[in-house]
**Q** 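Handing you a structure now.
Counting from 1, the numbers follow the sequence of the chain as shown.
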Amino acid sequence: AVEESEVDGNTVLKDKIGKMIVPMKQASLWLEEVGASILQKESLDVIAGHLISAGEALLLLSMTVEVLDEESEDGKLSAQRMVYASEQMILAGKELKGEKKDKPKGKSWIKG
């Protein structure tokens, strides 16, 4: 895609796509590490660390997706979904590590 945008003379798009490459590679490598760690029966701490790193890389990727086409609602929606997925990966990693979520104090958790 970088080469195609360069041939078309669209340097803005080329730069935006170029910024996506590193976080995309990082996210995919960390997800591969998660799978490999599970298959190799590594400790939960190792798996959790890889999962958190994958979530952080996906969060960086979401920022680049959002600015790819600033006028498109699809790009914005895709970025929001990636942010949610990254938050859930990070949360899953923290739960695997045994970190406790902060529980609401008082009656603030009661609705209505």
**Q** What are the two closest heavy atoms between G93 and A48, and how far apart are they?
**A**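 Nearest pair, atom of G93 first, then A48: O-CB, 3.1 Å.
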
**Q** Would you check if M63 and V83 make a side-chain contact, meaning some heavy-atom pair closer than 4.5 Å?
**A**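 No. Closest side-chain heavy atoms not under 4.5 Å.
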
**Q** Going from CD on E42 to CG on L39, what distance comes out if it is rounded to the nearest 0.5 angstrom?
**A** 10.0 Å

**Q** Mind jotting down which residue pairs meet the ring-ring contact (aromatic ring centres under 6.0 Å, His included) criterion with at least one end in residues 52-83? Sequence neighbours excluded, please.
**A** none

**Q** Please check if V34 and L96 belong to a single hydrophobic cluster, counting links between Ile, Leu, Val, Met, Phe, Trp and Tyr side chain heavy atoms closer than 4.5 Å.
**A**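 In one cluster: yes.
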
**Q** So, using side chain to side chain contact (heavy atoms under 4.5 Å, CB included) as the criterion, who are the partners of V22 when residues are at least two apart?
**A**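 Checked V22 against side chain to side chain contact (heavy atoms under 4.5 Å, CB included); matches are Q26.
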
**Q** Rounded to the nearest 0.5 Å, what separation is found between the CG atom of L91 and the CD1 atom of I52?
**A**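 Output value for this atom pair is 9.5 Å.
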
**Q** Rounded to the nearest 0.5 Å, how far apart are CG of L58 and CE of M89?
**A** 5.0 Å

**Q** How close do G55 and S86 get, heavy atom to heavy atom, and via which atoms?
**A**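 Nearest heavy atoms, G55 then S86: O-CB, 3.0 Å.
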
**Q** Can you name the residues that form a side chain to side chain contact (heavy atoms under 4.5 Å, CB included) with M20, not counting sequence neighbours?
**A** M24, L61, T64, V65, L68

**Q** Which atoms form the tightest heavy-atom contact between A79 and S62, and what is the distance?
**A**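 Looking at all heavy atoms of both residues, the closest pair is CB-O, 3.5 Å.
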
**Q** Would you please test M82 and L59 for side-chain contact (heavy atoms from CB on, under 4.5 Å) and show each step?
**A** CA-CA 7 Å; M82 289 175 104; L59 183 61; over 6 Å; no

**Q** State which residues pass side chain to side chain contact (heavy atoms under 4.5 Å, CB included) with K25; sequence neighbours excluded, sorted by chain then number.
**A**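 I21.
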
**Q** Is the shortest heavy-atom distance from the side chain of L77 to the side chain of E73 under 4.5 Å?
**A**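 The answer is no, as the side chains (C-beta and beyond) never meet within the 4.5 Å cut-off.
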
**Q** Going by side chain to side chain donor-acceptor pair (under 3.5 Å), name the pairs with one or both residues in residues 75-84, residues two or more places apart or in two chains.
**A**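 Qualifying pairs, neighbours excluded: none.
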
**Q** With sequence neighbours left out, write down each residue that passes side chain to side chain contact (heavy atoms under 4.5 Å, CB included) with A92, or none if nothing qualifies.
**A**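 For A92, the residues satisfying side chain to side chain contact (heavy atoms under 4.5 Å, CB included) (neighbours in sequence not counted) are L51.
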
**Q** Does anything in residues 49-60 form a side chain to side chain donor-acceptor pair (under 3.5 Å)? List the pairs, not counting sequence neighbours.
**A**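 Sorted pair list: S37-H50.
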
**Q** Quick one: closest heavy-atom pair of G49 and K97, and the distance?
**A**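 Answer, listing the atom of G49 first, then K97: N-CE, 4.1 Å.
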
